[in-house]
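For reference, positions follow the sequence shown, starting with 1.
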Amino acid sequence: MTTAGDIMHRGAQWIPAHETLDRAAQLMRELNVGALPISDENERLCGILTDRDIVVGCVAMGHDPARITAGEMAKGTPRWIDADADVGEVLHEMREHQIRRLPVIKDKRLVGMISEADLARHLAKDQIASWAESVYATTAMH
């Protein structure tokens, strides 16, 4: 059985909710990632911040990324998957919630992230095709 832990990108890092968006952008550059899980003061997942969120939700609105926090950008209920979950559960979670990045948690700690690139590297072509069709077909309709 292939698990979330088998296909995830290891070494994911939180951005604390109190950190500013300019610091988040710097961390994204350092880690070469386009998304960071946001943690509350108890290191619990409270959202995910993407590079697009920073550009569209802050910069394009004329706001100063040095004055807006990651926590202010957190919206909705964050989704995550247990490291021991089967890859089928990963695909279901991503399809069901129309998400392209999924934090992986083990023993209440962030241990990795699963992105589209991780799926492409580890899954069969038919699994990828089915996942992409379900995620992007609905997205295109909006």
- Message: Could you go through L45 and W14, starting from their C-alpha distance and side-chain angles, then the distance that decides it, and tell me whether this counts as side-chain contact (heavy atoms from CB on, under 4.5 Å)?
- Response: CA-CA 8 Å; L45 182 66; W14 298 109; 3.6 Å; yes

- Can you measure from CD1 (I81) to CE (M94) and round to the nearest 0.5 angstrom? 9.5 Å

- Task: Walk me through it: do E30 and L27 pass the test side-chain contact (heavy atoms from CB on, under 4.5 Å)?
- Result: CA-CA 5 Å; E30 290 168 18; L27 187 56; 3.8 Å; yes

- Under 4.5 Å between any side-chain heavy atoms of R10 and V111, yes or no? no

- Of the non-hydrogen atoms in V90 and A4, which two are nearest, and what is the gap between them? CG2-CB, 3.7 Å

- Query: Taking the side chain as C-beta and beyond, is there a heavy-atom pair between H63 and L21 under 4.5 Å?
  - Reply: no

- Taking atom OG of S115 and atom NE2 of H9, what is their separation to the nearest 0.5 Å? 8.0 Å

- Could you tell me which non-hydrogen atom of P16 sits nearest to which non-hydrogen atom of A70, and how far apart they are? O-CB, 4.0 Å

- Message: Just verifying a value: how many Å separate T2 OG1 and I7 CD1, rounded to the nearest 0.5 Å?
- Response: 8.0 Å

- Does E89 use its side chain to pair, donor to acceptor, with the backbone of D86 at less than 3.5 Å? yes

- With the side chain counted from C-beta on, respond yes when L49 and I54 share a heavy-atom pair under 4.5 Å apart, and no when they do not. yes

- Query: Is the backbone of T69 close enough, under 3.5 Å, to the side chain of E72 for a donor and an acceptor to pair up by distance?
  - Reply: yes

- Is the number of heavy atoms from other residues, nucleotides or ligands under 6.0 Å of M61 CE greater than 12? no

- Message: Determine whether M8 and D118 satisfy the following criterion, side-chain contact (heavy atoms from CB on, under 4.5 Å), listing intermediate values before the conclusion.
- Response: CA-CA 6 Å; M8 72 182 183; D118 297 313; 5.7 Å; no

- Message: Are V104 and I114 packed together at the side-chain level, in the sense that at least one heavy-atom pair is separated by less than 4.5 angstrom?
- Response: yes

- Donor-acceptor pair, side chain of R101 and main chain of L36, under 3.5 angstrom: no

- Message: For a quick test of reading the model, state the closest non-hydrogen atom pair linking Q13 to L110 and the distance between them.
- Response: C-CD2, 3.8 Å

- Which of these passes side chain to side chain contact (heavy atoms under 4.5 Å, CB included) with P65: T20, D22, V55? D22

- Message: Are W80 and V87 linked, directly or through intermediate hydrophobic residues, by side-chain heavy-atom contacts shorter than 4.5 Å (ILVMFWY only)?
- Response: no

- S130 and R95 side chains, donor-acceptor separation under 3.5 Å: yes

- Item | Closest non-hydrogen atom pair between H122 and D6, with its separation | CE1-O, 4.1 Å

- Any donor-acceptor pair under 3.5 Å linking the side chain of D53 with the backbone of G57? no

- Drop me the distance from T3's OG1 to D82's CG, to the nearest 0.5 angstrom. 9.0 Å

- Task: Heavy atoms only: give me the nearest P78-C46 pair and the separation to one decimal.
- Result: CG-C, 3.7 Å

- Message: Would you say I99 ends up clustered with L123 if hydrophobic residues are merged whenever their side chains have heavy atoms under 4.5 Å apart, either directly or through other cluster members?
- Response: yes

- What's the verdict on side-chain contact (heavy atoms from CB on, under 4.5 Å) for E93 and L102, showing C-alpha distance, side-chain angles and the deciding distance? CA-CA 8 Å; E93 185 73 14; L102 189 61; 4.0 Å; yes

- Message: Between K106 and D84, does any side-chain N to carboxylate O distance fall below 4.0 Å?
- Response: yes

- Message: Any salt bridge linking R109 with E43? Criterion: basic side-chain nitrogen under 4.0 Å from a carboxylate oxygen.
- Response: yes

- Query: Quick one: CD on Q26 to CG on L31, what's the gap to the nearest 0.5 Å?
  - Reply: 11.5 Å

- Note on the structure: Rounded to the nearest 0.5 Å, the CE atom of M73 sits from the SG atom of C58 at a distance of 6.5 Å

- What one should report as the nearest heavy-atom pair of M113 and P103 is SD-CA, 3.4 Å

